[in-house]
Q: 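First the structure, which I've put down as structure tokens, then a few questions once you've had a look.
All residue numbers refer to positions in the sequence shown, counting from 1. Nothing here was measured: the structure is a model prediction, and the numbers come from that model. Counting convention: from 1, in listed order, for ligands and their atoms alike.
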Amino acid sequence: MIEFQNVSVTYGERIHALQNLTLAIPEGQFVCLVGLTGSGKSTILKLLLREIRATQGRVIVRGRDLAAIPWKHVPDVRRNIGLIPQDIGLLPNKKVWENLAYAMRAAGHARREVRQKVPEMLERFGVLHRADAFPAELSGGEQQRVAIARALINNPAILLADEPTAHLDPETSLEIVGVLQAINTRGTTVIMATHDMVSVSDLRKRTVRLDAGKVIEDIPEEQIVA
Ligand code: ADP
Ligand code: MG
């Protein structure tokens, strides 16, 4: 469903963020992208969102070559993808429920649908009681749950999580990874970028290790032992 074929990304003239990367991710899979800071994890996510284009090679999502999609159709690509950004990215001046409503309205949903779906999603992720709070009033774990609810509110087939445990304590990290796992169980493809090996090793999902923009290890789910 997602294919990177010999993809290289060069920022400016000298920074080779990805080098001849080839990777296939079937529909419904849970993939952990691991590697040190600067190894190219976020660049992979940016390619999928068409925030950037490959300098060389092809990125194919559901049979479509992303580089060939005209600008005016890029929103269609993004509608199919939910993103949990590294900085969480909730609008600070809007309440929790407004953050979700905003995401739905931006995707063209009617107010009636928004009124129904927003509380449903907050409930599903255990933060309905925080609906009227502002993001700054939430704990890190609650903020991450709201970000997850927002990322999924338009039913994307693919969920991208960029360092979702970076600002959380170990216990809350495991909890959030568990939430992502549950989402995957319901059929969503999940790609989680992280340098936090602790939450990944317990998960035992496919783990693709990057170093300097190259895949140096790709361990399938069934081969990961505790
Ligand atoms: P990771 O997410 O694994 O930390 P990134 O994909 O963000 O890695 O970055 C890969 C490399 O590309 C790093 O060397 C980083 O400094 C560089 N890089 C990322 N974004 C840009 C950019 N917009 N301009 C220049 N260099 C960048
Ligand atoms: Mg990153």
Side-chain angles (χ1 to χ4, degrees), residues 2-25 29-61 66-67 69 71 74 77-78 81-90 140-141 143-148 150-152 156 158-170 172-174 176-177 179-181 183-184 189-203 205-219 224:
I2 296 172
E3 258 189 284
F4 292 83
Q5 299 174 347
N6 306 102
V7 172
S8 297
V9 170
T10 306
Y11 293 112
E13 287 183 357
R14 290 185 305 122
I15 301 168
H16 303 289
L18 295 179
Q19 303 190 58
N20 201 29
L21 179 129
T22 294
L23 186 66
I25 302 174
Q29 198 166 60
F30 194 121
V31 187
C32 304
L33 295 178
V34 304
L36 300 176
T37 300
S39 58
K41 306 181 294 294
S42 295
T43 298
I44 289 179
L45 304 186
K46 284 181 199 159
L47 282 167
L48 292 173
L49 290 161
R50 245 297 291 269
E51 283 180 23
I52 56 169
R53 292 192 218 204
T55 312
Q56 272 175 41
R58 300 205 300 165
V59 180
I60 298 177
V61 178
L66 292 193
I69 294 174
W71 268 113
V74 168
V77 172
R78 294 187 185 157
I81 301 183
L83 173 69
I84 305 166
Q86 180 160 7
D87 64 1
I88 302 182
L90 296 172
Q143 286 183 14
Q144 203 56 268
R145 284 168 179 273
V146 173
I148 292 170
R150 182 187 54 178
L152 289 181
I158 303 166
L159 178 65
L160 308 179
D162 200 355
E163 308 273 3
T165 63
H167 308 291
L168 305 176
D169 58 72
T172 313
S173 295
L174 290 178
I176 290 299
V177 169
V179 171
L180 297 179
Q181 199 173 2
I183 291 163
N184 174 248
T189 304
V190 176
I191 304 177
M192 176 171 81
T194 184
H195 65 265
D196 171 14
M197 282 312 296
V198 179
S199 22
V200 169
S201 56
D202 275 13
L203 191 60
K205 293 293 185 187
R206 179 182 178 191
T207 301
V208 175
R209 185 182 302 277
L210 298 170
D211 182 48
K214 293 180 178 155
V215 174
I216 55 164
E217 196 177 27
D218 184 351
I219 315 173
I224 295 175

Q: Which protein heavy atom lies closest to atom 27 (C) of ligand 1, and at what distance to 0.1 Å?
A: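 The protein heavy atom lying closest is Tyr11 CD1, 3.2 Å.
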Q: Could you tell me the residue and atom name of the protein heavy atom closest to atom 7 (O) of ligand 1, and the distance to it rounded to 0.1 Å?
A: Ser42 CB, 3.6 Å
Q: Would you mind running through ligand 1 and noting each atom that sits below 4.0 Å from a heavy atom of Leu36?
A: 3 (O)
Q: In terms of residue, atom name and distance, what is the protein heavy atom nearest to atom 6 (O) of ligand 1?
A: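 Going atom by atom, the protein heavy atom closest to atom 6 (O) of ligand 1 ends up being Thr43 OG1, 2.5 Å.
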Q: Write out the residue and atom name of the closest protein heavy atom to atom 11 (C) of ligand 1, then the distance separating them to 0.1 Å.
A: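 Checked against all protein heavy atoms, atom 11 (C) of ligand 1 sits closest to Gly38 O, 3.7 Å.
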Q: Numbering the atoms of ligand 1 from 1, which are under 4.0 Å from a heavy atom of Thr37?
A: 4 (O)
Q: Does the protein put a heavy atom less than 4.0 Å from atom 16 (O) of ligand 1?
A: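 Given the 4.0 Å cut-off, atom 16 (O) of ligand 1 does not count as touching protein heavy atoms.
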Q: Consider ligand 1: state whether an atom of it lies below 4.0 angstrom from any non-hydrogen atom of Gly35.
A: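 The answer is no, since Gly35 has no heavy atom less than 4.0 Å from ligand 1.
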Q: Examine the proximity of ligand 1 to Leu210 and report which part, side chain or backbone, both or neither, has a heavy atom under 4.0 Å away.
A: neither
Q: Begin with the C-alpha distance, continue with both residues' side-chain angles, and end with the deciding distance and a verdict on side-chain contact (heavy atoms from CB on, under 4.5 Å) for Ser8 and Leu21.
A: CA-CA 6 Å; Ser8 297; Leu21 179 129; over 6 Å; no
Q: Measure the spacing between OG1 of Thr207 and CD1 of Ile219 and express it to the nearest 0.5 Å.
A: 5.5 Å
Q: Can you tell me if Asp196 and Thr165 form a side-chain donor-acceptor pair at under 3.5 Å?
A: yes
Q: When you measure from atom 3 (O) of ligand 1 to every protein heavy atom, which one gives the shortest distance, and what is it?
A: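 For this ligand atom, the closest protein heavy atom is Lys41 NZ, 2.8 Å.
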Q: Are the side chain of Arg58 and the backbone of Val7 linked by a donor-acceptor contact shorter than 3.5 Å?
A: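 Side chain of Arg58 to backbone of Val7, a donor-acceptor pair under 3.5 Å: no, none is there.
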Q: Can you find a non-hydrogen atom of Gly12 under 4.0 Å from ligand 1?
A: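 No heavy atom of Gly12 comes that close to ligand 1.
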Q: I'd like to know: is the Mg ion (ligand 2) within the 2.8 Å range of an N/O/S atom from Ser42, strictly under that distance?
A: yes
Q: Given Asp218 and Arg206, is the salt bridge (charged side-chain N to carboxylate O under 4.0 Å, His left out) satisfied, shown in steps?
A: CA-CA 7 Å; Asp218 184 351; Arg206 179 182 178 191; 2.7 Å; yes
Q: Distance only, no hydrogens: is a donor on one side chain within 3.5 Å (strictly under) of an acceptor on the other, for Thr43 and Tyr11?
A: yes
Q: Using a strict 4.0 Å cut-off to heavy atoms of Ala17, name the atoms of ligand 1 that fall inside it.
A: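 Once the distances to Ala17 are compared, the set is 10 (C), 11 (C), 12 (O).
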Q: Is atom CD of Glu51 surrounded by more than 12 heavy atoms (other residues, nucleotides or ligands) closer than 6.0 Å?
A: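 Yes, because the 6.0 Å sphere around CD of Glu51 holds more than 12 heavy atoms from other groups.
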Q: Strictly distance-based, threshold 3.5 Å: is any side-chain N or O of Gln19 a donor or acceptor partner for the main-chain N or O of Ala212?
A: yes
Q: Identify the closest protein heavy atom to atom 8 (O) of ligand 1: which residue and atom is it, and at what distance?
A: Gly40 N, 3.2 Å
Q: Side-chain donor-acceptor pair under 3.5 Å between Asp162 and Ser42, yes or no?
A: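 Ser42 and Asp162 do have a side-chain donor-acceptor pair below 3.5 Å.
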Q: In this structure, does ligand 1 have an atom that sits under 4.0 Å from one of the heavy atoms of Ile44?
A: no
Q: Indicate the atoms forming the closest heavy-atom contact of His195 with Thr37, along with that distance.
A: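 Residues His195 and Thr37, closest heavy atoms: ND1-OG1, 4.4 Å.
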